[in-house]
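Here's the structure, in structure tokens; my notes come after.
Values below: every heavy atom of this structure, side chains too, minus hydrogens, waters and symmetry copies. Since the model is a prediction, treat every value here as computed from it, not as a measurement. We count residues from 1, following the sequence as given.
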Amino acid sequence: MNYNQEEARDLISTYFPALKADELKYSRLRRNPKHRESVIRLIERVSSDSDRSATWIAHKEFALVTLLVDWWVEPLAHESGFNLYEDGANLAMANLFFYCMEGFWHRGFRTKLLFQFQRMMRTRNPQYFRECRAFINRERGRTDDNREEIIRYLWPSFELLGFSHVRGLPNQVLDIALPGLVALGQTWRSRDEGHWSVVHDQSSNMAKQKWLWDALSSPEVAAARFDGPAGPQHFPMNVTETRFADSKSEIQLQLCDVLAGATATYLRRSVEQVDDVGYAETLARAGIDNLIIGGLWPRPEVSPDELGMRGWDGNKAIEWISDQIARSRR
């Protein structure tokens, strides 16, 4: 949100005048029908001036599938001379995995496989590496032709990259906060050149990756532009300061919590059974879609044309970003 303290205080006093709590917390607001009405009116207000607010969304299970592609399938493809970031092949593969792991098996299988992968990558423990490999090899041994087509992308990395690949990966490779913040930073940069001061919730995992964010967002980074399917990405992003603050002192963070929670409620109705469908639909009518600028969300499309990524080579941006990070650490 691009609101100062006084504007944020006015919004809170206008839409939540009777709230007795010290601060706004969406998890509490959504339980009370009266407070839900206030949330809806707040969404109507900020969505009517959507250039000042933005949300980036992530389906957690699909986000983990994209990381499986990025850190497990792509490195082996790269060693084999195949550019998985050309024409959106990485995104196509993530969509393929997400839907086929449920369609050819069941949702529980996808969840279990992703749990095995996540545990292996987070702990860097050889025991969990072996358990993940055994799980995939067991499934590989009892699949039919259709399922073999999917599972065959996963097992070769165990044999050809091995545990040394897992052990050598950077820290926090499974955290998605940084990509989300970069996407939001690019949105603000496209609306105004800046310079910008960023305030982030101090309780988040982003603090662990602040050095990476600083390297990418600094006004000192080399000038570059990458035109892609989601629009152009401009560097530098012209962020002069990034602070991690408490939401009681930086009340704009309270409004961000409400926007994030309301967006999650709105999106959850499309992926699971929920009791408050009517509330979610009212959020839609309030204009909550106007605030969403992108994210990680599964789609059934897999061809470059369907994805809108024909001719796009994400590897160019990745190589440039890697070079800027390396320069910042010298």
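Residues satisfying the side chain to side chain contact (heavy atoms under 4.5 Å, CB included) test with Glu23, not counting sequence neighbours, are Lys25, Arg28, Ser247, Lys248, Gln254. Residues satisfying the salt bridge (charged side-chain N to carboxylate O under 4.0 Å, His left out) test with Arg110, not counting sequence neighbours, are Glu61, Glu102. Under the side chain to side chain contact (heavy atoms under 4.5 Å, CB included) criterion, Arg225 pairs with Asp227, Pro232, His234, sequence neighbours left out. Legend: residues meeting side-chain hydrogen bond (donor to acceptor under 3.5 Å, both in side chains) with Glu149, ordered by chain and number and at least two apart, are Arg152. Considering only residues two or more places apart in sequence or on other chains, Phe244 meets the ring pair (Phe, Tyr, Trp, His ring centres under 6.0 Å) condition with His200. Residues satisfying the side chain to side chain contact (heavy atoms under 4.5 Å, CB included) criterion with Leu169, sequence neighbours excluded, are Trp71, Met121, Arg124, His165, Val173. Looking at residues two or more places apart in sequence or on another chain, you find no salt bridge (charged side-chain N to carboxylate O under 4.0 Å, His left out) involving Arg9. For Asn315, the side-chain hydrogen bond (donor to acceptor under 3.5 Å, both in side chains) partners two or more places apart in sequence, or in a different chain, are Glu319. For Arg285, the salt bridge (charged side-chain N to carboxylate O under 4.0 Å, His left out) criterion is met by no residue, not counting sequence neighbours. Considering only residues two or more places apart in sequence or on other chains, Ser190 meets the side chain to side chain contact (heavy atoms under 4.5 Å, CB included) condition with none of them. By the salt bridge (charged side-chain N to carboxylate O under 4.0 Å, His left out) test, Arg130 pairs with no residue at all, sequence neighbours left out.
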Between Glu7 and Arg52, does a salt bridge (Lys or Arg N to Asp or Glu O under 4.0 Å) hold up when you go through it step by step?
-> CA-CA 12 Å; Glu7 290 173 313; Arg52 302 187 67 189; 2.8 Å; yes

Can Tyr266 and Tyr279 be said to form a ring-ring contact (aromatic ring centres under 6.0 Å, His included), step by step?
-> CA-CA 8 Å; Tyr266 163 64; Tyr279 172 48; over 10 Å; no

Output, in order, the C-alpha distance, side-chain angles, deciding distance and verdict of ring-ring contact (aromatic ring centres under 6.0 Å, His included) for Trp297 and Phe98.
-> CA-CA 10 Å; Trp297 203 262; Phe98 183 84; 9.0 Å; no

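Between Phe109 and His106, the ring planes are perpendicular. Angles over 60° get that label, and only those under 30° would be called parallel. Ring pair Phe226/Phe235 is perpendicular by interplanar angle, where above 60° counts as perpendicular and below 30° as parallel.
If you take CD1 on Ile251 and CG on Leu11, they are separated by 9.0 Å, rounding to the nearest 0.5 Å. Here CZ of Phe62 is found 11.5 Å from CG of Leu68. Values are rounded to the nearest 0.5 Å. Within the model, atoms CE of Met120 and CD of Glu131 stand 11.5 Å from one another, a figure rounded to the nearest 0.5 Å. In this structure, Arg327 CZ and Ile325 CD1 are separated by 12.5 Å, a value rounded to the nearest 0.5 Å. Between atom CG of residue Leu283 and atom OG of residue Ser47 there is a gap of 10.5 Å, rounded to the nearest 0.5 Å. The CE atom of Met206 lies 9.5 Å from the CG atom of Asp175; values are rounded to the nearest 0.5 Å.
Between Trp312 and Pro304 the shortest side-chain heavy-atom distance does not fall below 4.5 Å. Using a 4.5 Å heavy-atom cutoff, the side chains of Leu178 and Gln172 are not in contact. Proximity of Val199 to Thr242: side-chain heavy atoms (C-beta onward) are nowhere separated by under 4.5 Å. Residues Glu250 and Arg243 form a side-chain contact, since some pair of their non-hydrogen atoms from C-beta on lies under 4.5 Å apart. Using a 4.5 Å cut-off on side-chain heavy atoms (C-beta onward), Leu24 and Asp257 make no contact.
Looking only at distances, no side-chain donor or acceptor of Arg310 sits under 3.5 Å from a matching main-chain atom of Asp87. Between the side chain of Thr55 and the backbone N or O of Leu291, at least one donor-acceptor pair lies under 3.5 Å. When atom types are taken as modelled, the side chain of Asn238 and the backbone of Glu193 share a donor-acceptor pair closer than 3.5 angstrom. Checking side-chain atoms of Gln5 against main-chain N and O of Ser249 turns up a donor-acceptor pair under 3.5 Å. Remark: side-chain polar atoms of Asp144 are paired, donor with acceptor, to backbone N or O of Arg147 under 3.5 angstrom. Although no hydrogens or angles enter the test, the distance criterion places a donor-acceptor pair under 3.5 Å between the side chain of Asp192 and the main chain of Gly194. The main-chain N or O of Trp72 is found under 3.5 Å from a side-chain atom of Ser157 such that the two form a donor-acceptor pair. In this structure, Thr263 contributes its side chain and Leu259 its backbone to a donor-acceptor pair below 3.5 Å. Of the possible donor and acceptor atoms, one in the side chain of Ser303 sits under 3.5 Å from a partner among the backbone N and O of Glu306. A side-chain donor-acceptor contact under 3.5 Å links Thr240 to the backbone of Trp196.
With hydrophobic clusters built from ILVMFWY side chains whose heavy atoms lie under 4.5 angstrom apart, Ile292 shares a cluster with Val46. Connection of Phe104 to Val69 is established within a shared hydrophobic cluster, with ILVMFWY side chains joined at heavy-atom distances below 4.5 Å, either directly or through further cluster members. In the hydrophobic cluster analysis, where Ile, Leu, Val, Met, Phe, Trp and Tyr join through side-chain heavy atoms closer than 4.5 angstrom, Met309 is grouped together with Phe82. In the hydrophobic cluster analysis, where Ile, Leu, Val, Met, Phe, Trp and Tyr join through side-chain heavy atoms closer than 4.5 angstrom, Met1 is grouped apart from Leu184. Two different hydrophobic clusters hold Ile288 and Leu296 under the rule that ILVMFWY side chains link at heavy-atom gaps under 4.5 Å.
Listed by first and then second residue, the ring pair (Phe, Tyr, Trp, His ring centres under 6.0 Å) pairs involving residues 27-50 amount to none (not counting sequence neighbours).
No salt bridge links Arg269 with Glu281; every basic N to acidic carboxylate O contact stays at or beyond 4.0 Å.
Environment of CD in Gln127: crowded, with over 12 heavy atoms of neighbouring residues, nucleotides or ligands closer than 6.0 Å.
Scanning both residues, Ala215 and Val221, for their nearest heavy atoms gives O-CG2, 3.9 Å. Contact between Leu253 and Asp201 at its shortest, heavy atoms only, is CD2-N, 3.9 Å. Glu241 approaches Ser197 most closely through the heavy-atom pair OE1-OG, 2.8 Å. For the pair Leu174 and Leu67, the tightest heavy-atom approach, listed with the atom from each and the gap, is O-CD1, 3.4 Å. Asp70 approaches Tyr85 most closely through the heavy-atom pair OD1-OH, 3.1 Å. Smallest separation of non-hydrogen atoms from Phe16 and Ser38: CE2-CB, 3.4 Å.
A cation-pi arrangement is not found for Arg45 relative to Tyr15, the charged atom failing to lie both closer than 6.0 Å to the ring centre and inside a 45° cone about the ring normal.
Across Leu84, Val73, Asn83, a single residue satisfies side chain to side chain contact (heavy atoms under 4.5 Å, CB included) together with Asn90, and that is Leu84.
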